[in-house]
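Here the structure comes first, spelled out in structure tokens, and everything after it is commentary.
We count residues from 1, following the sequence as given. Since the model is a prediction, treat every value here as computed from it, not as a measurement. Counting starts at 1 for both ligands and their atoms, following the listed order.
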Amino acid sequence: MNYTDEIQRRRTFAIISHPDAGKTTLTEKLLLYGGAIHVAGAVKSNKIRKTATSDWMEIEKQRGISVATSVMGFEYTPTLSGSDAQSFHINILDTPGHQDFAEDTFRTLTAVDSVIIVIDAAKGVETQTRRLMEVCRMRKTPVMVFINKMDREGKDPFDLLDEVESELGIRVRPLSWPINMGQRFKGVYNIFQRTLDLYTPNKQVVTESIRFDDVNAPEIDALVGDNDADKLRQDLELIEGVYAPFDKQEYLCGNLAPVFFGSALNTFGVKELLECFVQIAPSPQPVEAVERRVEPLEPKFTGFCFKIHANMDPNHRSCIAFFKICSGVFERNVYYKHIRKGQMMRFSAPTCFMAQKKETVDEAFAGDIIGLPDTGNFKIGDTLTAGEELHFKGLPSFSPEMFKYIENSDPMKTKQLNKGLEQLMDEGVAQMFINQFNNRKIIGTVGQLQFEVIQYRLLHEYGAQCRWEPIHLYKACWIESDDEEALDAFKKRKHQFMALDTEGRDVFLADSNYVLQMAQQDFPKITFHFTSEF
Ligand code: G4P
């Protein structure tokens with residue numbers, strides 16, 4: 001197969017959900033279909049449960065698991081009618097379930113070409129789903145929705161569709177439709193394939209279901225009962241009346257989300273989702289760099305780092321830098337340019353991820369994720385190319401939501417503390433600002449758990465001790481202006497509240513929403529950014 005075919009048969013996506021909606025279960029079932037695993041229960045959830053916040057062993061264990069499950073690749077050849085027999089290479093990127101690691105998830109979303117959102121039929125759209133969808137909308141990522149747990153009593157399917165539309169701000173089009181739910185769940189009519197799958201609860205093996213090509217076939221009444229058969233026909237009529245026919249182009253533009261119903265735990269409705277996914281989900285998409293747009297089929301390799309897993313083994317400074325390949329073919333032992341450092345580097349042991357295995361590869365293609373063993377050369381956002389000066393965009397740092405001063409508790413270990421902080425910030429664990437007024441370091445995070453992780457990792461990986469001191473802050477926002485004078489005037493007026501981020505950019509520390517609004521009003525020539533990419 002030539003390299004363009006290899007790239008075009010790749011599908012790189014993330015499954016996102018509010019914790020407990022069934023992301024891990026669905027991932028596992030997709031891997032079962034791909035033949036990548038053979039029994040359920042093989043994929044470990046990388047969820048850090050709320051109750052485990054002080055259980056460090058748990059966090060460490062989770063870090064171990066999440067390396068193994070960060071990317072799961074597998075091959076899949078569609079079997080249902082209507083799809084050609086081409087085989088697809090699927091890369092599923094795992095996202096941390098815990099909301100305190102939301103930023104990690106946001107960055108992972110920059111490395112995927114589409115997304116599947118899992119929604120719990122009983123709970124509907126939950127907070128975390130809403131936040132993640134905002135990122136998808138911002139990036140115009142194509143989204144498919146899987147409404148899970150139909151084997152339990154849940155909300156009315158039409159209400160769920162309305163909720164998804166209004167809460168997630170995207171138009172929907174059901175492509176499968178459930179026949180009842182909970183104890184009375186009989187199955188799903190596959191609108192996309194025009195077939196009917198009957199529900200047989202089975203948690204362990206992939207089952208074939210009975211099929212009918214026509215919803216009016218009298219056999220359906222016999223199988224699901226007259227009432228449910230009539231209800232299904234009425235529902236389908238209503239769907240056809242209310243929702244426009246599925247438009248693939250609208251999906252690819254991120255305006256329309258096809259919706260599937262099923263039960264991941266029972267492996268029901270998953271195959272339909274996967275078959276439709278491989279047919280409609282986009283192959284690797286162009287990626288914007290500051291200099292130009294990079295097309296995946298360009299022959300020369302380019303890629304960017306979206307995730308770093310550091311110090312899994314504290315005795316060896318072993319890190320893995322995860323790169324998304326944006327174009328061309330990456331080859332082992334070939335020299336590539338590390339743009340930020342201006343250095344040529346080659347990699348003798350790049351890894352790819354097949355199911356849960358990590359293996360050394362000789363080549364990888366646009367759309368793939370490779371893991372490069374690293375000793376501190378990379379930070380998030382770094383670009384590697386075959387030589388061209390390129391800087392990929394789209395890896396924003398979000399304005400943190402919680403802030404604390406970090407203080408050194410062991411003056412003998414200042415060097416270790418600084419080194420540790422620098423590496424943890426490169427890894428994207430949190431953001432650091434240095435207040436220009438008092439020179440104190442402020443750490444900003446999206447959740448309380450990060451502070452605990454930082455303190456623990458500084459001690460165990462760098463031998464440095466820190467303590468936290470409270471600071472009252474509402475938001476940190478990056479400021480800029482074309483008008484140098486206005487910028488200087490602002491900095492002078494707010495000098496107590498000015499800080500620099502690790503890149504040396506100006507950051508305004510607002511201690512309340514009111515202060516921020518007043519500043520925006522009083523200084524119209526200043527632009528206030530809530531993400532650091534501008
Ligand atoms: P997450 O990764 O999105 O956080 O969710 P996960 O897959 O871990 O699923 C959360 C819980 O929901 C699990 O139960 C899982 O078994 C259950 N679940 C997933 N899909 C379905 C479904 O289709 N129907 C029903 N009834 N339950 C489903 P748990 O008790 O938290 O974990 P476990 O003890 O079963 O592993």
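- An N or O contact shorter than 3.5 Å links G22 to ligand 1 by distance.
- The pair K324-D113 counts as a salt bridge, with a side-chain nitrogen and a carboxylate oxygen less than 4.0 angstrom apart.
- At under 3.5 Å, a nitrogen or oxygen of A264, whether backbone or side chain, sits near a nitrogen or oxygen of ligand 1.
- By the 4.0 Å N-to-carboxylate-O rule, E288 lies too far from K140 to be salt-bridged with it.
- Listed by first then second residue, pairs satisfying salt bridge (charged side-chain N to carboxylate O under 4.0 Å, His left out) with a partner in residues 251-264 number zero, not counting sequence neighbours.
- Contact atoms of ligand 1 toward S17: 3 (O) (distance under 4.0 Å to a heavy atom of the residue).
- At least one heavy atom of D20 sits closer than 4.0 Å to an atom of ligand 1.
- By the criterion of a heavy-atom distance under 4.0 Å, the side chain of R152, and not its backbone, is placed next to ligand 1.
- Among residues two or more places apart in sequence or in another chain, the side-chain hydrogen bond (donor to acceptor under 3.5 Å, both in side chains) test is passed with D228 by N180, K186.
- Side chain of T12 to main chain of G367: a donor-acceptor pair is present (N/O by atom type, distance under 3.5 Å, no hydrogens or angles).
- Residue contact check: S263 has heavy atoms under 4.0 Å from atoms 22 (C), 23 (O), 24 (N) of ligand 1.
- Using a 4.0 Å cut-off between charged nitrogen and carboxylate oxygen, R9 and E75 count as a salt-bridge pair.
- Those atoms of ligand 1 with a heavy atom of P19 less than 4.0 angstrom away are 4 (O).
- Within the set N148, T267, V270, the minimum heavy-atom distance to atom 20 (N) of ligand 1 is found for N148.
- When the heavy-atom distances from atom 6 (P) of ligand 1 to N266, T27, T25 are ranked, the shortest goes to T25.
- Of the heavy atoms in L265, both backbone and side-chain atoms come closer than 4.0 Å to ligand 1.
- Applying the ring-ring contact (aromatic ring centres under 6.0 Å, His included) test between F323 and each of F306, F378, F347 identifies F378 as the sole match.
- Other residues, nucleotides and ligands place more than 12 heavy atoms under 6.0 Å from the CD atom of E153.
- Close approach of ligand 1 to T24 is summarised as follows: ligand atoms under 4.0 Å from at least one heavy atom of the residue are 1 (P), 2 (O), 7 (O), 8 (O).
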